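Below, chain A is the first sequence line, B the second, and so on; all start at residue 1. Please read these numbers as outputs of a predicted model, since none were measured by experiment.
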Number of protein chains: 2
Amino acid sequence: MKIPELYENVDRFPVALDAIIFGFDRDNLKLLLIKRDFEPKKGEWSLMGGFLKSDESLDEAASRILTNLTGLKNIYLEQLYGFGEIDRDPVERTISIAYYSLINILDHNKELVKQYSARWFPIDDLPDLIFDHLKMVEAAKARLRYKAARQPVGFELLPEKFTLPELQQLYESIYETDLDKRNFRRRILSMGVLVKTNEKQKGFSKKGAYLYKFDKNKFDMLNSPSDGAGLSFKPPNV
Amino acid sequence: MKIPELYENVDRFPVALDAIIFGFDRDNLKLLLIKRDFEPKKGEWSLMGGFLKSDESLDEAASRILTNLTGLKNIYLEQLYGFGEIDRDPVERTISIAYYSLINILDHNKELVKQYSARWFPIDDLPDLIFDHLKMVEAAKARLRYKAARQPVGFELLPEKFTLPELQQLYESIYETDLDKRNFRRRILSMGVLVKTNEKQKGFSKKGAYLYKFDKNKFDMLNSPSDGAGLSFKPPNV
DNA sequence: AATAATAGGTGTTGATATTACACTTATAAA
DNA sequence: TTTATAAGTGTAATATCAACACCTATTATT
């Protein structure tokens with residue numbers, strides 16, 4: 001028996017990528033959605049998406065789709081889940097791999113976003129979404145909460161320099177709850193990846209808040225034991 | 001513009017499902033692997049897998065594939081990750097959605113397993129695996145650790161009644177470390193989903209250990225706030 | 001019948017982490 | 001000069017976690 005050229009008697013499907021794009025505008029956590037100007041569901045809101053091509057990996061395809069909409073490259077992107085209900089797309093049986101992404105809301109290319117009739121929506125006030133896109137958004141919210149619980153996520157969502165009240169506001173949006181100022185500072189600073197600068201943010205408050213930066217090196221170190229680190233049932237002595 | 005019949009100018013791909021099947025034999029955590037009797041990579045070890053058909057969802061397909069091998073229905077199964085590197089399969093570009101599964105090692109149909117030349121391997125002594133299957137296994141191990149950290153996982157891996165030393169042994173296999181007997185008992189019992197029976201396991205130790213059962217109801221309750229519950233950065237007052 | 005061998009079962013203490021909580025400070029605007 | 005606003009700071013009570021050693025029930029052996 002020799003190696004076959006192709007698999008025989010196997011169904012083939014379009015593989016879609018859909019992107020849940022989180023942004024933060026110093027006030028609310030938001031999602032970037034597009035208004036479809038094509039069928040099916042023309043005129044309705046949906047996640048940005050596209051189909052996998054044969055010359056790109058899943059990650060590359062997701063990245064391409066995101067660049068198409070935002071003009072940004074090297075965006076933070078993480079695979080979320082594969083959605084594959086039979087009737088999820090009325091046109092044809094497809095499966096979709098959802099990715100979520102964190103971007104600085106000020107960074108994206110406004111022209112491109114306009115082309116797609118895209119808009120930022122507050123996470124707690126989304127329009128109806130097509131297909132199973134709401135399920136995808138819910139999964140992404142849960143994942144973001146999980147992620148933010150064990151490492152600062154502001155890296156991608158905030159500008160290079162940011163204040164602790166801004167970071168706290170971001171966390172409060174993510175968890176949809178209020179946090180105690182003193183406890184929040186202690187916890188986030190104890191992770192040891194924030195560096196205080198001597199600059200103060202002017203204009204917003206009268207006193208002004210100190211600006212902080214992420215320490216990328218320490219952050220990567222925190223990330224690398226990617227395993228079960230930080231779990232509530234962590235084995236002792238580790 | 002009307003709704004199209006099918007998507008045009010879109011590549012289509014075989015969608016594979018691969019299953020990481022965990023079992024536990026009261027001693028070691030194990031994986032069920034098959035020896036391929038077909039090309040490519042005939043004679044080598046791999047995960048059990050198969051291709052998605054157009055009349056089944058991803059979950060259904062994964063479940064079918066698992067039933068094919070084990071004879072078991074209603075197996076615990078969870079989607080893990082989508083693997084989509086361009087050259088992951090030498091025959092043809094495919095994408096694979098990996099699922100992991102927990103089964104009682106004594107339950108499966110031995111005939112079927114024999115047909116597939118399948119074998120249980122200790123998790124820390126696996127043979128070489130084809131394609132990207134080792135990556136899949138590593139991801140499944142990490143996921144199982146994560147899962148076991150916040151809820152007892154013995155449910156699927158152990159017989160209906162089991163002793164605490166057995167459950168501890170399972171956890172020690174999962175984390176590949178030793179755990180303190182007293183601390184383990186306190187923690188696992190404090191989750192409140194184990195019920196002590198009056199029976200003692202005879203035969204293995206001289207004293208005999210009490211048998212426990214899972215309380216399915218309480219367990220489901222523990223599971224339902226599927227969100228960010230149990231995280232180390234959990235919001236206060238919740 | 002007594003003894004030895006084996007694994008099961010149990011509590012406490014010190015260290016660390018988490019929560020709740022209120023006042024002072026720097027600055028801009030009035 | 002006063003006032004208004006958000007920034008910034010510390011402590012005490014509580015809960016959680018890790019470390020640690022001995023007794024018990026039973027079977028097998030003599």
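Between D:dT16 and B:R187, no contact under 4.0 Å exists linking OP1 or OP2 to a side-chain N or O.
Following rounding to the nearest Å, A:Q168 (CD) and D:dA7 (P) show an atom-to-atom distance of 9 Å. Between the CD atom of A:E166 and the P atom of D:dG8 there is a distance of 11 Å, rounded to whole Å. In this structure, the CZ atom of A:F184 is 18 Å from the C1' atom of C:dA20, given to the nearest Å. Summarising the geometry, the separation between NZ on B:K196 and C1' on C:dG9 is reported as 8 Å, rounded to the nearest angstrom. The distance between atom CD of B:Q201 and atom P of C:dA7, rounded to the nearest whole Å, is 12 Å. Atom CG in A:D27 sits about 13 Å away from atom P in D:dA6, given to the nearest Å. If you measure from atom CG of A:L164 to atom C1' of D:dA6, you get 13 Å, rounded to the nearest angstrom. Atom-to-atom, CD1 of B:I188 to P of D:dA18 comes out at 13 Å; the value is rounded to the nearest Å.
Between A:F121 and A:P127, the closest side-chain pair of non-hydrogen atoms falls below 4.5 Å.
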* Structure fact -> Reading nucleotides 21-30 of chain C from 5' to 3' and marking B where a protein heavy atom lies under 4.0 Å of the base, S where only the sugar-phosphate is that close, and - otherwise, the string is BB--BBBB--
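Aromatic ring pairs are classed by plane angle as parallel below 30°, tilted from 30° to 60° and perpendicular above 60°; the pair B:F214 and B:F162 is tilted.
Residue pairs meeting the salt bridge (charged side-chain N to carboxylate O under 4.0 Å, His left out) criterion with at least one member in residues 123-135 of chain B, sequence neighbours excluded: B:R88-B:D132.
A donor atom on one side chain and an acceptor atom on the other are not found under 3.5 Å apart for A:N28 and A:S173.
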* Check against ring-ring contact (aromatic ring centres under 6.0 Å, His included), B:F155 and B:F219 -> CA-CA 10 Å; B:F155 233 155; B:F219 182 79; 4.7 Å; yes
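Residues passing the side-chain hydrogen bond (donor to acceptor under 3.5 Å, both in side chains) test with B:R119, sequence neighbours excluded: none.
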